[in-house]
Enquirer: 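Pasting a structure below so you can have a look.
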Amino acid sequence: MSKRWIWILWPSFIVGGIAEVIFFTIFDPMELTLFGEPAGTSRLAVYSVGFLLFWAFAAASSAFTCFLQRGASEINRKRGAA
């Protein structure tokens, strides 16, 4: 696995966990609604989906940062060139 993936996934995992703790400290999972209807799922399911969404958003942010920090030589490098 590339170091870049570790740079993206590990910090985003930590941020996803922190975001979930903060969000679910403020909001009760059983009071959340989807399109005006109660979610109708267990607390564990809401916590799990919430964590995965927070982790995905944090990973997307980290990946975008890695994408933007590439240098010109890395962008213009031809694949397979010796």
Side-chain angles (χ1 to χ4, degrees):
M1 183 177 232
S2 171
K3 282 185 181 180
R4 186 166 295 186
W5 284 107
I6 294 170
W7 294 340
I8 293 169
L9 293 177
W10 181 241
S12 63
F13 179 83
I14 301 296
V15 170
I18 292 169
E20 181 175 17
V21 168
I22 292 170
F23 182 83
F24 288 118
T25 298
I26 298 169
F27 298 103
D28 181 13
M30 300 314 294
E31 294 179 3
L32 296 178
T33 59
L34 295 172
F35 306 110
E37 298 291 325
T41 57
S42 69
R43 287 183 191 271
L44 183 61
V46 175
Y47 289 140
S48 299
V49 170
F51 172 73
L52 291 174
L53 288 174
F54 287 129
W55 189 11
F57 282 120
S61 174
S62 295
F64 188 59
T65 300
C66 284
F67 175 75
L68 291 178
Q69 74 179 12
R70 295 181 307 159
S73 61
E74 189 177 357
I75 293 170
N76 296 323
R77 178 180 46 186
K78 293 184 179 180
R79 295 181 186 227

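None of these values were measured; they are calculated from a predicted model.
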Enquirer: Let me check something: do L53 and W10 share a hydrophobic cluster, defined by ILVMFWY side-chain heavy atoms less than 4.5 Å apart, either directly or through other members?
Expert: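 No, because L53 and W10 fall into different hydrophobic clusters, even though each may have its own neighbours under 4.5 Å.
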
Enquirer: Does anything in residues 58-69 pair up under salt bridge (charged side-chain N to carboxylate O under 4.0 Å, His left out), and if so which pairs, sequence neighbours excluded?
Expert: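 Applying salt bridge (charged side-chain N to carboxylate O under 4.0 Å, His left out) to every pair that reaches into residues 58-69, excluding sequence neighbours, yields nothing.
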
Enquirer: Without swapping roles, check the side chain of S61 against the backbone of F57 for a donor-acceptor pair under 3.5 Å.
Expert: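 Here the side-chain-to-backbone pair does not exist.
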
Enquirer: Over all heavy atoms of both residues, which pair between I6 and P11 is shortest? Give the atoms and the distance, please.
Expert: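 The answer is O-CD, 3.6 Å.
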
Enquirer: Give me each pair satisfying salt bridge (charged side-chain N to carboxylate O under 4.0 Å, His left out) with a member in residues 28-44, each pair once, sequence neighbours excluded.
Expert: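 Pairs touching residues 28-44 that pass the test: D28-R43.
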
Enquirer: Does Y47 OH have over 12 foreign heavy atoms under 6.0 Å away?
Expert: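 Yes, OH of Y47 has more than 12 neighbouring heavy atoms, counting only those of other groups under 6.0 Å.
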
Enquirer: Surrounding CZ of F13 (heavy atoms of other residues, nucleotides or ligands, distance under 6.0 Å), is the total greater than 12?
Expert: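 Incorrect, the count does not exceed 12.
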
Enquirer: W5, W7: one ILVMFWY side-chain cluster at the under-4.5 Å cut-off?
Expert: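 Shared cluster, no.
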
Enquirer: With salt bridge (charged side-chain N to carboxylate O under 4.0 Å, His left out) as the rule and sequence neighbours excluded, what pairs involving residues 44-55 come up?
Expert: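 Output for this query is empty, none listed.
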
Enquirer: If every non-hydrogen atom of L9 is compared with every non-hydrogen atom of A59, which pair is closest and at what distance?
Expert: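 It is CD2-CB, 4.4 Å.
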
Enquirer: Side-chain donor-acceptor contacts of residues 16-24 below 3.5 Å, not counting sequence neighbours, with atom names and distances?
Expert:
none

Enquirer: Please name all residues satisfying side chain to side chain donor-acceptor pair (under 3.5 Å) with S12, sequence neighbours left out, ordered by chain then number.
Expert: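 Counting only residues at least two positions away or on another chain, S12 forms a side chain to side chain donor-acceptor pair (under 3.5 Å) with W55.
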
Enquirer: For residues F51 and V46: do they belong to one hydrophobic cluster (side chain heavy atoms under 4.5 Å, members Ile, Leu, Val, Met, Phe, Trp, Tyr)?
Expert: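 Yes, F51 and V46 fall within the same hydrophobic cluster.
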
Enquirer: Could you name each residue pair satisfying salt bridge (charged side-chain N to carboxylate O under 4.0 Å, His left out) that touches residues 59-69, not counting sequence neighbours?
Expert: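 For residues 59-69: none.
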
